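This report concerns only the one structure given below.
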There are 2 protein chains.
Amino acid sequence: RLVLSSRRRIPEFNSFVSRTNTCGELRSSHLGQEVTLCGWIQYRRQNIFLVLRDFHGLVQVIIPQDESSASVKKILCEAPLESVVKVSGTVISRPPGQENPTMPTGEIEIKVKTAELLNACKKLPFEMKDFVKKTEALRLQYRYLDLRSSQMQYNLRLRSEVVMKMREYLCNLHGFVDIETPTLFKRTPGGAKEFLVPSREPGKFYSLPQSPQQFKQLLMVGGLDRYFQVARCYRDEGSKPDRQPEFTQIDIEMSFVDQMGVQSLIEGLLHYSWPSDKDPVVTPFPSMTFAEALSSYGTDKPDTRFGMKIVDVSNVFRKTEIRFLQDALSKPQGTAKAICVPEGVKHIKRKDIESIKQFAADQFNQEVLPIFLKASRNWNSPVAKLVTEDQRLELIRLMEIQEEDVVLLTAGEHKKTCSLLGKLRLQCADLLETKGMVLRDPAQFSFLWVVDFPLFLPKEESPTELESAHHPFTAPHPSDLHLLYTEPEKVRSQHYDLVLNGSEIGGGSIRIHDAQLQQYILATLLKEDVKLLSHLLQALDHGAPPHGGIALGLDRLMCLITGAPSIRDVIAFPKSFRGHDLMSSAPDSVPVEELRPYHIQVSWPTEAE
Amino acid sequence: RLVLSSRRRIPEFNSFVSRTNTCGELRSSHLGQEVTLCGWIQYRRQNIFLVLRDFHGLVQVIIPQDESSASVKKILCEAPLESVVKVSGTVISRPPGQENPTMPTGEIEIKVKTAELLNACKKLPFEMKDFVKKTEALRLQYRYLDLRSSQMQYNLRLRSEVVMKMREYLCNLHGFVDIETPTLFKRTPGGAKEFLVPSREPGKFYSLPQSPQQFKQLLMVGGLDRYFQVARCYRDEGSKPDRQPEFTQIDIEMSFVDQMGVQSLIEGLLHYSWPSDKDPVVTPFPSMTFAEALSSYGTDKPDTRFGMKIVDVSNVFRKTEIRFLQDALSKPQGTAKAICVPEGVKHIKRKDIESIKQFAADQFNQEVLPIFLKASRNWNSPVAKLVTEDQRLELIRLMEIQEEDVVLLTAGEHKKTCSLLGKLRLQCADLLETKGMVLRDPAQFSFLWVVDFPLFLPKEESPTELESAHHPFTAPHPSDLHLLYTEPEKVRSQHYDLVLNGSEIGGGSIRIHDAQLQQYILATLLKEDVKLLSHLLQALDHGAPPHGGIALGLDRLMCLITGAPSIRDVIAFPKSFRGHDLMSSAPDSVPVEELRPYHIQVSWPTEAE
């Protein structure tokens, strides 16, 4: 059950209440003690044994059988399971041979003297022991029952502990100030995905911000120097699986800092706050440029727990009779790339190859060619047989291929081939893991900094225009500053992402503190309406210190730490993927008269819509 | 300037950044050290001295005058005030006689070797030293400049420290779990004052809850046992001075606890987290019933730093010729009550008496009679002269009147007279304080529990119906349970308020954990639509433990601790009293197309409205 951190003093769980102990803490060292316990009836056997549960664990209670204890017996035998009772009695040894070594309290039991039914449980919608098998919708509808599971108790308590340690590190060790910033704010430019909150002034709306970005920068201008906040943020993305309309980030900003400073801070923070029941975090974290992440892993968030890196094999195939390679390599930006799937011969079946090829064709309009070390094993693939012996040997050398491996080869434009192979790398890892290979040990935590992102990207809908790769307050890389006025699309930024096991768990940047530069980027390059940000531009002109920061996604981080299948398992009351609270059924209808003070009315969709 | 808590290890303020020290920390013990400082130019004298400021304090920097340092001199002399610079140099003694004992760093100064202009400050809207004299609107518009003041730095840092200590007490010492509850929730029954958030489903709205009340009770049902959260709450009250649309409460709930348990917890919490530069909190706090608070102080939040308590003097005036006393006392519920204003003879002028009488007549439709100890001094009040010598002596005995005191007498129904005299007590305190008397020392912290509130109050608009005095989940007082079915208006509750210096800073209760009782109160007594709360009623039926809790208003508490004139002074980015963010000008207009996904449109008021 609950693993309490051994590095810390154990808190006093029994202060201010009538119990003397928690159920889960009792051990042989308590033998002979008179204890009072409060908890839920987990189960009962033959009206003799009863197992009592609280957040801390289980303990066995002996139901007294003698005549004088008839009333105690009646209470404990008649109360339905999951009723809440208070019992007092003595901690005694279990009879020899009846100890339960799998139960932390398995050496002892409670000889009960008095019992009180605090609240009876009416009929449950299902038996508690079957709960984990139920649909997630049912678990969310009866969330208060789901929270009683040892897994949810562990997840939520661990989350609280980790955040507390982060606070100690930031506040007590490094002088950060915990400052609450408003959540009723103003719409940010281009701020789609922001929830609106109607005000009592006709036509005026607050919006719920996606992050405290502007406020934390203003705090730096205000000389607050080292700010952090465990910040509630909001993002309205409609229905997206494993996203929540409200989420939490560890939001940090510092003055007079550079990229290395922020990175060291975060490495120290995670090292300090890491749960003691997990392997300690090794610092410093490795770092990789965005360019390298793309070319080696086909993604900006590589899972570095395993290899299968993308290798450029263009030079191997300069002379080839394979048509799609010929075509690709004849173009100026053409490349040939491959990944090597370990033990692929054993595990990758013909139907897997078919589905890989289909995926590549459908999603990337690319061809993929599987190559086996021994030409003879390239099942009925006349194309693969066109790979010459020299090419095969050169591939083996370049990619360190073992006998049983399979190479997946593709060719085309750099970014596209990398992205495709990055996806195939993960799909093959899934595949190998279903066959029992361990590529991505969930108990291993591989942190990685990804740096040197481009500052701008071409807009998807209009590629001649630029948009910020992250946000418009990100500072350009100092060595690329001169390019800003000539080839802005080539400018790298001082943005950094923190990646853990292939998930982005944080991102931040050194910010622009020069008003003129900020104005140039907003107005000239991004064509934004600077009026909406005039307060920020003005602030930069009034003595803004150089500053930078980062935000860590707490829900995702806790999800990875606990190994939970979904972020909903590390949130007490999550919304369904449609954004509903299935317990209270929010969002809900509101009477028209309650809309009136906000000067809004519902536009009901017409039949046609 | 900033007083750092002496009880705690001083944090490392210079980790991860290029400075070696803060400006404010330098002392004689640093003499000879090479330091690098970053800060704002506070002022400059004769191009020789410069005072550099950071959050920690001020330090004097000597601008080098020799030829070889011309570039350093240029930077430091030309940068406008409030520019941000980085300087390196040596800590040296000030020449004898030039020490500044009023400045913590006043024994030393910095002999600068290098200087770098990090950001120049453009023209400020006003000189910083004049800032405190500006209107609050201007301070809010340029909040990032206002935050640079030592007072705002102190307030926000102290707030962060106090909250951190509260967390240590709750999490580390007493095993509370910090759990985040949703702010996108469902409208609560009778939940006027809740902001709405339109969803993407036509006609469906989230609402921003006024407190996590339902969630914290559900956590108890979920076995989370000891919960706390520094919770953001929302209340839409339109324009109310010194209220904020979003505010913060320390939200706490426990299972298996009684009223005394919660009170002890909070006493320990405040004692532990109290700032070390204030007088320590004395525990336990005194307790007073609601009935006593009303009859002695005329309010449910008495300021117990001073006396002037209300005294029932009905028996003194059973026989009187004063008409309004006669009238009042002849009625079955009639009473005569008085307060004694110390040294009133000296300080209360005739015009003050006139305004008191006017106030009583206007606001309470009551008469007030001032009585002086010596009949001769009851200036031209023929009525006061009707007070007999016996009555005067009896009053002196009952009310412990001193020679120079003035008695204010009124008569009528109990609650009304008490309320009136409660208000007059505070008005007279204001009056005496303007004359230099100290009644309410802001450095004195008088905590008080007010208990035994009524569970229900008659509805203002329809006095035969009942409404909850606090909220419908409050448990009735166990000794009044039988009255619930016969005379519910007489039932006392297990609600408790925490009052500090006459302000309510917290309130809580033991909650109802019995579904049937909750159903009876909601449906039968309060006539609420229980469908909206079916999830809570169901949860109570599924093994809800007895539980209770409290919420402390953090903004108000910090306001009292820091002695700030307004809660806006303990919030980094407060809204104006109209609910506006004057810096960014939120709330703001939103283009029609951004309302479309939410299926709402603005109902513009017509001319007529």
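The shown structure was predicted, so the numbers you read here are calculated from the model rather than taken from an experiment. Protein chains get the first letters and strands the later ones, always in sequence-line order, with residue 1 at the start of each.
A donor-acceptor pair is defined here as one N or O able to donate and one able to accept, closer than 3.5 Å; no such pair exists between the side chain of B/Glu12 and the backbone of A/Gly175. In terms of modelled atom types and a separation under 3.5 Å, the side chain of B/Ser160 and the main chain of A/Val177 share no donor-acceptor contact. For B/Arg226 (side chain) and A/Phe13 (main-chain N/O), a donor-acceptor pair under 3.5 Å exists by modelled atom type. In terms of modelled atom types and a separation under 3.5 Å, the side chain of A/Glu201 and the main chain of B/Pro587 share no donor-acceptor contact. Put simply, the side chain of A/Lys122 never gets that close to the backbone of B/His542: no donor and acceptor are under 3.5 Å apart.
Scanning all heavy atoms of the two residues, the minimum distance from B/Ser603 to A/Gln601 falls at OG-NE2, 3.4 Å.
When each of B/Asp258, B/Leu533, B/Asp541, B/Val602 is checked for heavy-atom pairs under 4.5 Å with chain A, B/Asp541 comes out on top. Among the candidates B/Lys123, B/Lys575, B/Met152, the residue making the largest number of heavy-atom pairs closer than 4.5 Å to chain A is B/Lys575. Your options are B/Glu180, B/Met254, B/His513, B/Glu82, and the one with the most heavy-atom pairs under 4.5 Å with chain A is B/Glu180. When each of B/Ala120, B/Pro198, B/Ser199, B/Gly39 is scored by its heavy-atom pairs under 4.5 Å with chain A, the top score falls to B/Pro198. Of the listed residues B/Ala572, B/Cys38, B/Ser264, the one with more heavy-atom pairs under 4.5 angstrom with chain A than any other is B/Cys38.
With a 4.5 Å cut-off on non-hydrogen atoms, A/Arg232 touches chain B through its side chain but not through its backbone. Contacts of A/Ser534 with chain B are absent, with no heavy-atom separation under 4.5 Å from either backbone or side chain. At a 4.5 Å heavy-atom cutoff, the contact between A/Ile179 and chain B is made by side-chain atoms alone.
One finds the CZ atom of A/Phe256 at 10.0 Å from the CG atom of B/Leu37 (value rounded to the nearest 0.5 Å). Rounded to the nearest 0.5 angstrom, A/Ser589 OG and B/Lys204 NZ are separated by 4.5 Å. Distance check, rounded to the nearest 0.5 Å: CG of A/Leu224 to CD of B/Gln153 gives 5.0 Å. Atoms CG and CG, on A/Leu184 and B/Leu208 in that order, are 6.5 Å from each other to the nearest 0.5 Å.
Residues A/Arg578 and B/Arg200 form no side-chain contact, since every pair of their non-hydrogen atoms from C-beta on lies 4.5 Å or further apart.
Side-chain contact annotation: A/Asp236 with B/Tyr598, donor-acceptor N/O pair under 3.5 Å present.
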Should B/Phe16 and A/His174 be marked as a ring pair (Phe, Tyr, Trp, His ring centres under 6.0 Å) after you check the CA-CA gap, both sets of side-chain angles, and the distance that decides it?
CA-CA 9 Å; B/Phe16 316 115; A/His174 292 289; 4.9 Å; yes
